[in-house]
Amino acid sequence: MAWNTNLRWRLPATCLLLEVAMVVLFGVFVRYQPDADARWTEDKLSRNVTSDLDNEFYYRYPSFQDVHVMIFVGFGFLMTFLQRYGYSSVGFNFLLAAFGIQWALLMQGWFHSFHQGYILIGVENLINADFCVGSVCVAFGAILGKVSPVQLLIMTLFQVTLFSVNEFILLSLLEVKDAGGSMTIHTFGAYFGLTVTWILYRPNLYQSKERESSVYYSDLFAMIGSLFLWMYWPSFNSAVSNHGDAQHRAAINTYCSLAACVLTSVALSSALHKKGKLDMVHIQNATLAGGVAVGTAAEMMLMPYGSLIVGFICGIISTLGFVYLTPFLESRLRIQDTCGIHNLHGIPGIIGGIVGAVTATYTSSEVYGQDGLVHTSGSKGFKPNWTSRMQGKFQAAGIFVSLAMALVGGLFVGLILKLPIWGQPSDENCFDDAVYWELPKEPKDGAVHPEDPTFKPSEP
Amino acid sequence: MAWNTNLRWRLPATCLLLEVAMVVLFGVFVRYQPDADARWTEDKLSRNVTSDLDNEFYYRYPSFQDVHVMIFVGFGFLMTFLQRYGYSSVGFNFLLAAFGIQWALLMQGWFHSFHQGYILIGVENLINADFCVGSVCVAFGAILGKVSPVQLLIMTLFQVTLFSVNEFILLSLLEVKDAGGSMTIHTFGAYFGLTVTWILYRPNLYQSKERESSVYYSDLFAMIGSLFLWMYWPSFNSAVSNHGDAQHRAAINTYCSLAACVLTSVALSSALHKKGKLDMVHIQNATLAGGVAVGTAAEMMLMPYGSLIVGFICGIISTLGFVYLTPFLESRLRIQDTCGIHNLHGIPGIIGGIVGAVTATYTSSEVYGQDGLVHTSGSKGFKPNWTSRMQGKFQAAGIFVSLAMALVGGLFVGLILKLPIWGQPSDENCFDDAVYWELPKEPKDGAVHPEDPTFKPSEP
Amino acid sequence: MAWNTNLRWRLPATCLLLEVAMVVLFGVFVRYQPDADARWTEDKLSRNVTSDLDNEFYYRYPSFQDVHVMIFVGFGFLMTFLQRYGYSSVGFNFLLAAFGIQWALLMQGWFHSFHQGYILIGVENLINADFCVGSVCVAFGAILGKVSPVQLLIMTLFQVTLFSVNEFILLSLLEVKDAGGSMTIHTFGAYFGLTVTWILYRPNLYQSKERESSVYYSDLFAMIGSLFLWMYWPSFNSAVSNHGDAQHRAAINTYCSLAACVLTSVALSSALHKKGKLDMVHIQNATLAGGVAVGTAAEMMLMPYGSLIVGFICGIISTLGFVYLTPFLESRLRIQDTCGIHNLHGIPGIIGGIVGAVTATYTSSEVYGQDGLVHTSGSKGFKPNWTSRMQGKFQAAGIFVSLAMALVGGLFVGLILKLPIWGQPSDENCFDDAVYWELPKEPKDGAVHPEDPTFKPSEP
């Protein structure tokens, strides 16, 4: 089946329409939070703040920049592993994330930063917007190569909305802790994306199979993305934690978990190959599972060895998933998961939720100190009936809510994306930049990257 | 015309001479500022500073590192888009920037950090040196592929000097605000570079035309540069703003402007292609115009929606520029602008100056608070005759001064660079690493990157 | 000689065994330091700390992340310059560093952070662990392409151990200053690696010679690593310095030294080529020597011009080393140094030690102030018999201790690695990813990266 993939009017119209909406909504709703407002000079005096450093900016800005790199370079380049889809991986990720962060500022702002008719934004909002978009990047991984940029923008619009609702339920109604977003970002993003790709199932995708793999250099580009995700993950999991020890601890736990994860990923990758050779897919992806799985509990007193254990287990499970589960999902459940997000974000996200629930259950004033416990558990510490056991149960509930939101939302959004009007590529033109990009002419001798003879143009 | 491109004595002599001069001048003039001097321990006690954090280092260092990445990886890799000019793009940018930052520390130091016969440097000086070199990197974009490294060092020597004079006129004499350097860095750098390339016009450049384009992987390398520029631009525009709210606000505004710019760049790129396909040139470059154009006003109360509008407009104008203006400039005005810096830095820089002038004009104590206004406008708030209207006019004057300095300076420097003694490549050997680099022998089957049969060596 | 390179059981067993050991040892020994412990909330109150910013996290975290990038992306990509060894360079570096940081947390912890039976870790420990692994990455450069990942893990295990002992002798017994690790990291790492490669000498390595060189794109990938090392080196040398002026000064000195080093490296590279062309090897490596050589003295009052002189000299010596010394070492001393670490880390490391000793000798209260001197020299300032001259001698002793430890340790570890049981590649299969990696099938026309006809599989 060949759709019209000429996006000349659809893509510009979608972009401009969305951006005009952003301008109008920002004009009506968005202002600076006090720490970013010029009145801070006065504000400071009235609050007896003596040091300029007591501006939220200095607590969070370095972490923000690390997270920003993860979203744009990390996710963008991780997906360049496909041999002829590098422009789209980086470029579409860039597009959807740039739109997504604006929409997330609004959606999350209405839920969490709305004061007297205005959304007041500061650096923490920027981080949270990046986080929200992170879940869209995750979902993008499942449908990579099979959708048009128009579909991605539509998906981003809906997914950011649903993410914010889910996040509000978890953080504000259930009062769940999820600093690194194991549940809100990874579990939600992964199962949302998997549901969408299940709806968009392409029975004839084998026609593009020869491009659904890497070449030597594309795997090296993907390692750039993978490493920046791996290195900056401690910032990801600690970026919005409480000031001081919580940020500090979250960074340490994530560092430990990721280190352990590398060793077990390598071990399994080698053990599962008949000649003991390593597979780049595992090195690029499974090594990151430890960061996902420690997301919820990173700021808790998980202990360094606890983090190692989490990373240890996730490296194994994630690699096994790539080898056995992804083919099974495709052949039996008709879930075509291009990047294997189920192994990197899905299962590790759920594990992360469980680890968080268990760790929360064993929160005690012996470990945290009386003041620490109050500080950690937020206002709840003052509630006479709050117990760590209760918190553990709410944490567990958060996993199920995220899963339910992802499945229902993914179903709904998948059906919208299935409409044959968004310029999606035909089954034989998937995983190919040539559909949506003006590709450079290669040198005459055709050596560096020849025109692909298997590509069949489908534009009218 | 074939010049002698053997640089064996010219390049080493130039480098060594310049570096010896740096050592001598640093020896005579450069010392540490108090915050970086070992006497700070005493100094602190005498000033009743209790926290080590009250060292300028902690306010600025994270931003400095981001800016540093932009200059060396950002600009360096952005220019690797040419198919056979990656070594030169990254390598010459590395060379000129490494020299430029030393010379800028001196030049800017004499103008702004000179105390009792010594230039006292600290982290803010490092940032400003990187900024100054940024304007040279911009100008490099116009002449990319057509000059020798000796010419680049000569240009850097003069451009840094002129930049510092212009910066002094704007910041110290006109007391203009320009935290992100829309005028001092981008407008000045772009029109300087365009004037130089106009002087260096090569009527027979068509002989190298087959190399003046990208190949698949070179465009992916360029995306690394582009994304690091895009991601760290909030640090660029906030790095030297006042502590606290001003830095905070500058980061937010830049983040917003850049996000909007991506959507309109994509929209226009698709709309201007007959099949609606995207062009990598626009994605790599026009998406950054929003960061340029918000440079001056980023630290002002531009408001998030104001930033979105700036980004919105610049994405459109910049992409239009790449499609219509660059070919026009080359064919009619004999301005050969390799990277299209006119579209990324020239026009957006001027827009940035105008946005800054307008925003400054509407500065009021209602928006900034009385203390905030005094704080923002520096010492001028105490001047009885200072008005925001006056500030707006001075801001506008800054644009014209920068333009004038760029044109006159570029004319002068261009004429020097035109002398046929600097080892510049002949018209048929432009855009080719082989002129100045020992290239690796490719594997026997010649598959990965074959010797280019069109290259004609011109060395004697 | 063809060894069995099938690692199916050896690599997984090694990884899992080591990681299980890490989990157990972390469980027994590793806890959070007070700043990262939930009891900090109480702790803070009892110590009258009013600001959350007075958590070590905020002093060190941005530097930590920069160092982290240097270890994983910097070293990893710097070594991708080989035409068919990119997966291994990045991947094995990833593996050994991920294991090494865990083991270093323990080893360094026992020596420096051991309190009441527990190792208490915080962000400074994470940085020091990265530093320790940096010395392993250095040594890896000497044997790159000639060892199996199992050998690398074994080497890491021993080298981290020896590093920690050497570091303890220098920092705690000799009370030497070495903030940027010229001696502990670079000198030790380089001569350790050179000794190991001397023991592992392969007389028939010429059989793999055609792969021991770069291709066009592999050199561009290597520039990513090189630039991230160069840009973040100021963070490396300042990361664990004293708060305030020492960190500030270390960053400035490193910035200056590295800038000067680029110019002299370029000068020599051009001067030593008969047509004056630049060599990528020098641009990627010699430009970094200034960062190595300023490591020890960076936090001292070396003065900016002193830093320039250090960089100036090291750019020259390092480039000369690549041109004349490396071939000599290989042909005469049977030291096969794949990456030329002797020129980048060996000689500059020793120079760094000497510069540190000289600078320390001239430490005086005139330059540092009385309080500054006490602060700088640590507790020793209170010792009545401490003199700067004495400190200078101890610094010099540190160089010799590091060299001795490296040679003896390298001998010992080299002999272990020589055992023919670790799956090392045969002489004809060195520098080839295909031995240990499942390589992607290239497109049918074989254009991008063809199967290498020279590769001879040796698996049984």
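None of these values were measured; they are calculated from a predicted model.
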| said: Below 4.5 Å, heavy-atom pairs only: which of C:Phe99, C:Phe26, C:Trp9 has the largest tally toward chain A? | reply: C:Phe26
| message | Is C:Leu25 close to chain A through its backbone or its side chain, or both, or neither, when contacts mean heavy atoms under 4.5 Å? | response | neither
| task | Report the relative orientation of the aromatic rings in C:Tyr87 and C:Trp437; use parallel for angles under 30°, tilted for 30 to 60°, perpendicular for over 60°. | result | perpendicular
| task | Report the option among C:Ala36, C:Gly423, C:Ala13, C:Cys15 that has the most heavy-atom pairs separated by less than 4.5 Å from atoms of chain A. | result | C:Ala36
| message | Once ring-ring contact (aromatic ring centres under 6.0 Å, His included) is applied, do any residues pair with C:Trp422, and if so which ones, sequence neighbours excluded? | response | none
| said: Less than 4.5 Å to any heavy atom of chain C: does that hold for the side chain of A:Ser213, its backbone, both, or neither? | reply: neither
| Full working for side-chain contact (heavy atoms from CB on, under 4.5 Å) between A:Tyr217 and C:Leu220 | CA-CA 11 Å; A:Tyr217 288 127; C:Leu220 270 183; over 6 Å; no
| Out of C:Arg31, C:Met22, C:Glu56, which one racks up the most heavy-atom pairs below 4.5 Å with chain A? | C:Arg31
| Top contributor to chain A contacts, counting heavy-atom pairs under 4.5 Å, from C:Val69, C:Asn125, C:Leu153, C:Leu18 | C:Val69
| Among A:Leu263, A:Val281, A:Thr287, who wins on heavy-atom pairs under 4.5 Å with chain C? | A:Leu263
| task | Go through C:Gly100, C:Ala97, C:Ser89, C:Gly122 and name the one with the most non-hydrogen pairs under 4.5 angstrom from chain A. | result | C:Gly122
| Side-chain donor or acceptor of A:Gln247 paired with backbone N/O of A:Ser238 under 3.5 Å | yes
| note | When the 4.5 angstrom heavy-atom criterion is applied to A:Phe312 and chain C, the contacting part is side chain
| said: For C:Phe64, which atoms come within 4.5 Å of any heavy atom of chain A: side chain, backbone, both, or neither? | reply: side chain
| query | Less than 6.0 Å separating the ring centroids of A:Tyr305 and C:Phe29? | reply | no
| remark: The interface call for C:Asp52 against chain A, heavy-atom contacts under 4.5 Å, is both
| query | Just by distance, do the side chain of A:Gln284 and the backbone of A:Asp219 share a donor-acceptor pair under 3.5 Å? | reply | yes
| Interchain contact, A:Ile224 with chain C, by part (heavy-atom threshold 4.5 Å) | both
| note | So, the part of C:Asp66 with a heavy atom under 4.5 Å from chain A: the answer is neither
| request: Please check if any side-chain donor atom of A:Glu299 sits under 3.5 Å from a side-chain acceptor atom of A:Asn242, or the reverse. | output: no
| Modelled atom types, side-chain donor and acceptor of C:Gln33 and C:Ser113, under 3.5 Å | no
| query | Relative to chain C, which of A:Pro234, A:Ser218, A:Pro62 shows the most heavy atom pairs under 4.5 Å? | reply | A:Pro234
| message | With a 4.5 angstrom heavy-atom cut-off, is it the side chain or the backbone of C:Asp433 that approaches chain A, or both, or neither? | response | side chain
| request: Assess whether atom CZ of C:Phe114 is packed by more than 12 heavy atoms of other residues, nucleotides or ligands within 6.0 Å. | output: yes
| task | Answer yes or no: is there a donor N or O on one side and an acceptor on the other, between the side chain of A:His243 and the main chain of C:Leu53, under 3.5 Å? | result | no
| message | Please tell me whether C:Tyr61 and A:Ser63 have a donor and an acceptor in their side chains that are separated by less than 3.5 angstrom. | response | no
| remark: One option among A:Gly315, A:Gly276, A:Ala250 has the most heavy-atom pairs under 4.5 Å with chain C, and it is A:Gly276
| message | Between C:Tyr59 and C:Glu124, do the side chains contain a donor N or O and an acceptor N or O under 3.5 Å apart? | response | no
| Atom group of C:Phe221 that falls short of 4.5 Å from chain A, counting heavy atoms | side chain
| query | Heavy-atom distance under 4.5 Å to chain C: side chain of A:Gln65, backbone, both or neither? | reply | neither
| said: Does any backbone or side-chain atom of C:Val24 lie under 4.5 Å from a heavy atom of chain A? Answer side chain, backbone, both or neither. | reply: neither
| field | Most chain A-contacting option - heavy-atom pairs closer than 4.5 Å, from C:Pro34, C:Gly76, C:Ala98 | value | C:Ala98
| request: Would you confirm whether the ring centroid of C:Trp40 sits within less than 6.0 angstrom of the ring centroid of C:Tyr32? | output: no
| Under 4.5 Å from any heavy atom of chain C - which part of A:Ser269 | neither
| Is it the side chain or the backbone of A:Val367 that comes within 4.5 Å of chain C heavy atoms, both, or neither? | backbone
| field | Interchain contact, C:Glu42 with chain A, by part (heavy-atom threshold 4.5 Å) | value | both
| remark: Whatever's closer than 4.5 Å to a heavy atom in chain A on C:Ile71 counts as neither
| Is there a donor-acceptor contact under 3.5 Å from the side chain of A:Ser226 to the main chain of A:Ala222? | no
